[in-house]
Number of protein chains: 2
Amino acid sequence: MQEASPGRARVTIADIARAAGVSKPTVSRALNDHRDVGAATRERVREVAAELGWFPHAGARALRTGRHDTIGLLMPLTHWWGYADIQYGIAEETARRGLHLLVQPLHPGERAEREFVTRTLPALSIDGLILLMPEGTPRHVGALAHTGPPAVVIDDRGHRLDLPYVESTNRAGFRDLVRHLVGTGRKRVAFAGGQLDDAFAQERFEGYQDALREAGLPYDPELTVLPADREPTAEELGELLAAGPDAVAAAWDEIAFGVLNVAHTEGRRVPEDLAVAGFDDSPIARVMRPPLTTVRQPFREMGSAAVRMLLDAIEHGAPPAHFTVPTELVVRASCGAR
Amino acid sequence: MQEASPGRARVTIADIARAAGVSKPTVSRALNDHRDVGAATRERVREVAAELGWFPHAGARALRTGRHDTIGLLMPLTHWWGYADIQYGIAEETARRGLHLLVQPLHPGERAEREFVTRTLPALSIDGLILLMPEGTPRHVGALAHTGPPAVVIDDRGHRLDLPYVESTNRAGFRDLVRHLVGTGRKRVAFAGGQLDDAFAQERFEGYQDALREAGLPYDPELTVLPADREPTAEELGELLAAGPDAVAAAWDEIAFGVLNVAHTEGRRVPEDLAVAGFDDSPIARVMRPPLTTVRQPFREMGSAAVRMLLDAIEHGAPPAHFTVPTELVVRASCGAR
DNA sequence: TTGTACGCGTTATCAG
DNA sequence: CTGATAACGCGTACAA
């Protein structure tokens, strides 16, 4: 035993039973809202429990029931606001349901992934797992599907795993964005992308092409910059602007910020000469000059949806499904629509 | 029992004992690196355990030992990158030590705080708690000090609680920043603050005054903007610039961004006409135009330091102490020093 | 509606 | 160095 601090010993249901003059099982039933307990007994037991300051021992309960009332979150080590926002949504939903949230950092690399799945995961006191997967998704974690606890994936753009997942409307959201630009009279809409090995950017690029097709506008390769493994540089953005677009849709807000900077340097007025738009609605979007038109990613909602799906799988054995949370166009000054 | 999925039943040390031809206690000792176990026995037990795919049941272990190998993190619901970075540091350190991290969102308000301390906290399966306290620190959580598990506070600027805490050098860091501006020849350094009820901004303001005093420069109220409960507006920043500063030190990076915007609108060149600097080294600092000189907050280090302090308190009963992590001046183009 | 008896998986104690 | 025994706190058969 620890007994480090000389604090009084733990209060157990045995103590309550003694004080209330009933047996342990009766206390347990009263405390767990079982129906077959006398109303008067239940009340008395609860009063005594509160008086004695009893609280359940999660470990003992888990040992007996096999449930931990805890869900795990496997997430990359990052300080990107988007993942923090997803965690926000998850934490809010778990707290609302009286569940605990155990956060496990995911170290990159095959070795670390395998280590996690084979050694760390099985020993976790959790009822289910949410996988927050960055691009370059851990493939070994896929083994989870059939060996570990119920799991739900957020952002599995590649759909490589046979697991339920939550996604947002990247492609349709980007299409809506470009559609909006076209709707305000822009004819030469450029696309500034990046990291096309990333399925996110890929889907957004497809949404861009969808919108062009839909509007009967030609796809002009000169109006796209697509560095495969990074964001476009200022030089690349300069070349893009040299091709004469009247609007630039960026794959995410930070790229749009770069576009604004280059446009400013070259003396192009935004939005008069050039409309600029981004994607994600990051915290910096609203403070850009001019404030950036963008598409809000429903990160919090994705988090809470993942929790709900996971509980469905845990409690009702729901089969692998997927849930799509819609993005939302946010019109600000940079596109000239207002 | 759950037995939901027809997966094989859990492997316990009893299974290992049977397979290895020894008793349960011996298996336990072998698996826990007790000294009084024969080397050969230990090896054999370990091999069998690996072969059978055994892993410990955390709940059962906690029930017996009173330890959970888990620490709790109480943090506000936010997506601010700074808190995410602190969590990064905490998660990295706990993972390194084989500990688990249980994240508890802190809902604002006295009622929710009291609820947390009296109902949620006692039932958590944790050995210690890290309190990530936003401004307007929960006072009721202070009751933790003597009733709950060992706790460590991060960012308790007011030092109101009798708990160990981790802080960074806000005041000295800001003094260094202003000292740097003065060192490059600026004579009229302005301060753009905000939320002075917040101890952070207060300390930075004091650092600003320290540097002026040290340099023998007068404190001119016209060169400060100090909105009490928010960030300065563009109009307020315009008035500040009208007072003719040759440098502006902002209490945090986002304010500096606003200064850059206003300076640009008014046609002032940065850094030629006006040096601008911020504080925090947020992700947007390096992409501003020009890139922002600022002071890096050692968030990750603060997180890992908090874990170490907490473990000290848990394992060795270390008395309440405090630990200060130094900030670091980051010189970029906006101050003209290079 | 309530009580008796037991076991979940693990480790501490003690005897050998 | 090892084994027998008991106990951690709780919930669930089953019997009353």
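Only a predicted model underlies this, so the values are computations on that prediction, with no experimental measurement involved. Within every chain, numbering begins at 1; the chains are lettered A, B, ... in the order of the sequence lines, protein sequences first and strands thereafter.
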Does D15(B) come within less than 4.0 Å of K24(B), counting only side-chain N to carboxylate O?
no
Given side chains that start at C-beta, do those of M302(A) and F323(A) come closer than 4.5 Å, heavy atoms only?
no
Please step through salt bridge (Lys or Arg N to Asp or Glu O under 4.0 Å) for the pair R97(A) and E93(A), ending with a clear verdict.
CA-CA 6 Å; R97(A) 294 165 182 266; E93(A) 187 72 24; 2.8 Å; yes
Does the ring centre of W80(A) sit less than 6.0 Å away from the ring centre of F299(A)?
yes
Round to a whole Å and report the spacing from NE2 of H68(B) to P of dT10(C).
16 Å
Mind checking whether I126(A) and P149(A) have side chains closer than 4.5 Å, heavy atoms only?
yes
Please examine the side chains of Q87(B) and V103(A), heavy atoms only from C-beta on, and report whether any two atoms are closer than 4.5 Å.
yes
Quick one: the side chain of R64(B) and the base of dT11(C), do they pair up donor-acceptor inside 3.5 Å?
yes
Any non-hydrogen side-chain atom of L101(A) less than 4.5 Å from a side-chain atom of L73(A)?
yes
R61(A) CZ to dC8(C) C1', in whole Å, measures 15 Å
Is H34(A) close enough to dT12(D) that one of its side-chain N or O atoms is under 4.0 Å from OP1 or OP2 there?
yes
I'd like a list of close polar pairs between nucleotides 2-5 of chain C and the protein, N/O only, cut-off under 3.5 Å.
| unit_1 | atom_1 | unit_2 | atom_2 | d |
| --- | --- | --- | --- | --- |
| dT2(C) | OP1 | T41(A) | OG1 | 2.5 |
| dT2(C) | OP2 | G38(A) | N | 2.7 |
| dT2(C) | OP2 | T41(A) | OG1 | 3.4 |
| dG3(C) | OP2 | S23(A) | N | 3.0 |
| dG3(C) | OP2 | S23(A) | OG | 2.8 |
| dG3(C) | OP2 | T26(A) | OG1 | 2.7 |
| dG3(C) | N7 | R29(A) | NH2 | 2.9 |
| dG3(C) | O6 | R29(A) | NH1 | 3.1 |

What is the distance, to the nearest angstrom, from the NE2 atom on H57(B) to the P atom on dC8(D)?
18 Å
Sorted by chain and residue number, the ring pair (Phe, Tyr, Trp, His ring centres under 6.0 Å) partners of H322(A) (sequence neighbours excluded) come out as Y165(A)
Between dG9(D) atom P and I13(A) atom CD1, what is the distance in whole Å?
10 Å
Rounding to 10 degrees, work out the angle separating the end axes of the helix from dT1(C)-dA16(D) to dG16(C)-dC1(D) (five pairs an end).
30°
Scan T12(B) against the nucleic acid and name what it touches under 4.0 Å (heavy atoms): base, sugar-phosphate only, or nothing.
sugar-phosphate
Rounded to the nearest angstrom, tell me the gap between atom CG in D69(A) and atom P in dG11(D).
10 Å
Within this structure, what is the CZ-to-P distance between R67(A) and dG11(D), rounded to whole angstrom?
13 Å
Ranking L31(A) and R35(B) by the position along DNA chain D of their nearest nucleotide, the one closer to 5' is R35(B)
If you measure only the distance, is there a donor-acceptor pair under 3.5 Å linking the side chains of H107(B) and E92(A)?
no
To the nearest angstrom, the CD1-P distance between I16(B) and dT11(C) comes to 10 Å
Tell me: CG of L63(B) to C1' of dA6(D), nearest whole Å?
13 Å
